[in-house]
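This structure is a prediction, so every number in the text was calculated from the model and none was measured. Chain naming here is simple, since letters A, B, ... match the order of the sequence lines and numbering starts at 1 in each.
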Amino acid sequence: MSSAATILHADLDAFYAAVEVRDRPELRGLPVAVGGGVVLSATYEARRFGVSAPIGGAEARRRCPDLVVVPPRFESYVAASRQVMDILDSFTPKVEPISIDEAFLDVAGSVHLFGPPEAIARRIRERVMAEVGLPISIGVATTKHLAKIASRVAKPDGLVVVPAGEEDVFLAPLPVDMVWGIGPVGEERLARYGIHTIGELRALPESTVAAWFGRHWGTHLWRRANNDDRRAVESPGRAGSVGAQSAGDATAVDRRHTTLLALADRVGSRMRRKAVAGRRVTVRVRLDDMTSLSRARVLPGPIAETTPLFMTAVELVDGLITERAAARRITLVGISMSMLEETPHLQLVLPLTGDESETVAGSRRHLRARDLDAAIDRARERFGRPAVVRGSLLRDTLEERSPTEAMEE
DNA sequence: TCTGGGGTCCTAGGACCC
DNA sequence: TCTGGGGTCCTAGGACCC
C-alpha cells in the first residue's frame with residue numbers, strides 16, 4: 001500500500017556558521033558560533049563542547065574557551081538561501097520552503113528527467129556544495145514527516161533514504177522528541193509513562209495518546225509516530241501574521257512607549273512592503289520570571305499605518321500592565337498583526353475606532369498618518385533604513401545600541 | 001537551561017446568536 | 001424564562017519550530 005519514497009527534505013547544516021566558515025577559510029575546523037548576546041548557530045566543532053543555539057554568549061564561552069564568535073551577516077545568509085532554493089527549483093516545481101535553511105520537495109514528477117529520488121538527492125547535494133559552497137543534508141522518504149526525520153539522522157553532510165515499506169523499522173528505535181511537535185514538555189510527559197521511543201509511542205492505543213495530549217493534537221502525534229501523516233508538498237501561501245518584539249527592560253513608561261513606537265514602525269513598514277493590512281493587534285509582555293502575558297484586539301477594519309497601530313498597542317500594553325503586572329519588571333514587549341488582508345495600492349482611510357473616524361479631525365489625522373508613513377517608506381527605499389528615524393526614536397538611536405538590537409536585520 | 005526574534009498551531013472558556 | 005444543542009467569533013495562554 002505504501003507509495004514510493006519521493007519526498008525529500010533538504011536541510012543546510014549549521015547554516016549561518018557554515019556561511020561564515022565558507023567566507024573565512026581560516027575558520028575551518030575551529031569551534032565557531034554566530035551571534036552576540038545569544039548563539040544563533042554553531043559549527044559541529046563548537047557543538048562538541050555543548051555550544052548550540054540558543055544559549056547565551058557568556059555561557060558559550062564558558063563551555064568552550066577557544067570559541068570564535070562572529071557577528072551575524074543576515075544579507076549573506078539570505079543570498080545563500082536564495083541560491084540554494086533556486087537549485088531546488090531546478091529539479092521540481094513542487095518545493096515548499098519552511099525556513100531560511102530547509103525545504104521539502106516532491107520529485108515524483110521528475111524521475112523521468114533526473115532519475116530516481118536518491119540520484120536527485122545526490123545531485124542536489126553536489127550542486128549546492130559546488131555552486132554555493134555549503135553542505136546540505138537530505139532525507140528521502142514516503143512522507144514529509146519521515147523525510148524530515150531522515151535528514152536529521154543524515155546530519156551532518158549526509159543522505160538517508162527510507163525505502164517504502166521500511167518506515168516502521170526505521171522509526172521504532174528513534175527517541176520520541178524526533179517527532180514534530182514533541183518538545184521538552186511532551187517528552188517529559190511521555191517519560192512519566194515510560195515511553196521513550198517512537199516504537200513505544202506507536203504501540204499505544206490512539207485513544208490513550210489522545211487522552212494525554214488532547215483529542216486533536218494527540219491524534220496528530222500518534223499519526224506521525226505511525227507515519228500516517230500524508231500531507232502534500234505545497235508552495236507556501238502568504239504568512240498569517242507579521243510581528244516584532246524587543247527584549248530589554250521596558251518597565252519605565254517612557255522607555256516602554258519608545259520601544260512600542262519602534263516596533264509599530266517596524267511592523268507597519270513590513271506590512272506596507274508586503275501590501276497587507278491586519279485586523280487583529282496582539283501585544284505580548286514578558287515578565288522577569290519568564291512568564292508572558294498577551295492581549296489582543298480585533299479592529300473594525302484592517303490597518304497598516306504606524307500611528308494607529310502604535311496607539312492600539314500602547315493601550316493594550318498599558319492596560320495589561322495595570323491589570324496584571326503593576327509591580328513587575330517587564331523584560332520584553334512585542335506587537336503582532338494578524339487576520340491579514342491584501343491591500344490595493346491606494347487604500348481607503350480606515351477607521352481606528354468608531355468615534356474618532358466620525359470626526360473630520362479624525363479623518364485628517366489618519367490621512368496625515370498615511371502620508372507620513374508613505375514618505376518615510378519612500379525615503380527609506382532611497383537612502384536606506386537608518387536615514388529616516390522618527391523624532392521620538394532619535395534619542396534612542398543616538399544612544400549606544402544594545403548588541404541584540406544591532407544584530408537584527 | 002533563563003536566552004533572540006520571527007513565526008505556527010492548539011486549547012479552553014466566554015459572549016453571542018438562533 | 002434558567003432550560004437544549006449547535007455554531008461562530010473572540011481572547012488568553014502555552015507548546016513548539018527554525
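Counting to the nearest Å, the P atom of C/dC17 and the NE2 atom of A/His9 are 13 Å from each other. Between A/Leu332 atom CG and B/dG5 atom P the separation is 7 Å, expressed in whole Å. Between A/Arg284 atom CZ and B/dG4 atom P the separation is 11 Å, expressed in whole Å. Rounded to a whole Å, the CG atom of A/Asp177 is 11 Å from the P atom of C/dC18. With rounding to whole Å, A/Leu40 atom CG is found 12 Å from B/dG6 atom P. At whole-Å resolution of the value, CD1 in A/Ile98 and P in C/dC16 are 18 Å apart. The interatomic distance linking A/Asp101 (CG) with C/dC17 (P) rounds to 15 Å, in whole Å. Here the P atom of nucleotide B/dT1 and the CD atom of A/Glu188 are 15 Å apart, to the nearest Å.
Each of A/Arg279 and A/Thr291 was assigned the nucleotide of DNA chain C with the nearest heavy atom; the assignment lying further toward the 5' end belongs to A/Arg279. Heavy-atom distances to DNA chain C give each of A/Ile182 and A/Arg295 a nearest nucleotide, and the one nearer the 5′ end belongs to A/Arg295. Along DNA chain B, the nucleotide closest to A/Arg63 and the one closest to A/Leu263 are compared, and the more 5′ of them pairs with A/Arg63.
Under the 4.5 Å side-chain criterion, counting only non-hydrogen atoms from C-beta, A/Arg152 is not in contact with A/His9. In this structure, A/Ile149 and A/Phe170 have side chains that are in contact, with non-hydrogen atoms separated by less than 4.5 Å.
Atom CZ of A/Arg73 is surrounded by more than 12 heavy atoms from other residues, nucleotides or ligands within 6.0 Å.
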Study note, to complete from the structure: Each nucleotide of nucleotides 8-14 of chain B classed B (base within 4.0 Å of a protein heavy atom), S (only sugar-phosphate) or -, in 5' to 3' order, makes S-SS---
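Nearest to the side chain of A/Glu59, among B/dC2, C/dC18, B/dT3, sits B/dC2. Distance from the side chain of A/Val185 is smallest for C/dA15 among the nucleotides C/dC18, B/dG5, C/dA15. You'll find that the side chain of A/Met290 is closest to B/dC2, out of B/dG6, B/dG4, B/dC2.
A salt bridge links A/Arg192 to A/Glu188: one of the charged nitrogens lies within less than 4.0 Å of a carboxylate oxygen. Ion pair A/Asp289/A/Arg328 flagged as a salt bridge, since at least one NZ, NE, NH1 or NH2 atom sits closer than 4.0 Å to an Asp/Glu carboxylate oxygen.
A donor-acceptor contact shorter than 3.5 Å is absent between the side chain of A/Ser81 and the backbone of A/Tyr77.
A/Arg324 comes within 4.0 angstrom of sugar-phosphate atoms only, judged by non-hydrogen atoms across all strands, and of no base. No engagement by A/Thr282 is indicated, since no non-hydrogen atom pair under 4.0 Å with the nucleic acid exists. Residue contacts shown for A/Ile100 are absent, as no nucleic acid heavy atom lies under 4.0 Å away. Contacts of A/Asp289 with the nucleic acid, taken as non-hydrogen atoms under 4.0 Å apart, are absent. Across all strands shown, A/Ala244 has heavy atoms under 4.0 Å from sugar-phosphate atoms exclusively, and none from any base. Residue contacts for A/Gly334: at a heavy-atom cut-off of 4.0 Å it reaches no nucleic acid atom on any strand shown. At a threshold of 4.0 angstrom between heavy atoms, the contacts of A/Arg286 are confined to the sugar-phosphate backbone, with no base atom among them.
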Practice item. Any chance you could lay out the side-chain hydrogen bond (donor to acceptor under 3.5 Å, both in side chains) test for A/Arg286 and A/Thr331, step after step, and finish with the verdict? Key: CA-CA 5 Å; A/Arg286 194 181 68 194; A/Thr331 60; 3.0 Å; yes
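Pairing of B/dC18, defined by two Watson-Crick or G-U wobble distances under 3.5 Å, is identified with C/dG5.
Sorted by first and then second residue, the pairs that involve residues 129-147 of chain A and meet salt bridge (charged side-chain N to carboxylate O under 4.0 Å, His left out), not counting sequence neighbours, are A/Glu96-A/Lys144, A/Arg127-A/Glu131.
In this structure, A/Arg62 does not reach the B/dT1 phosphate: none of its side-chain N or O atoms is under 4.0 Å from OP1 or OP2.
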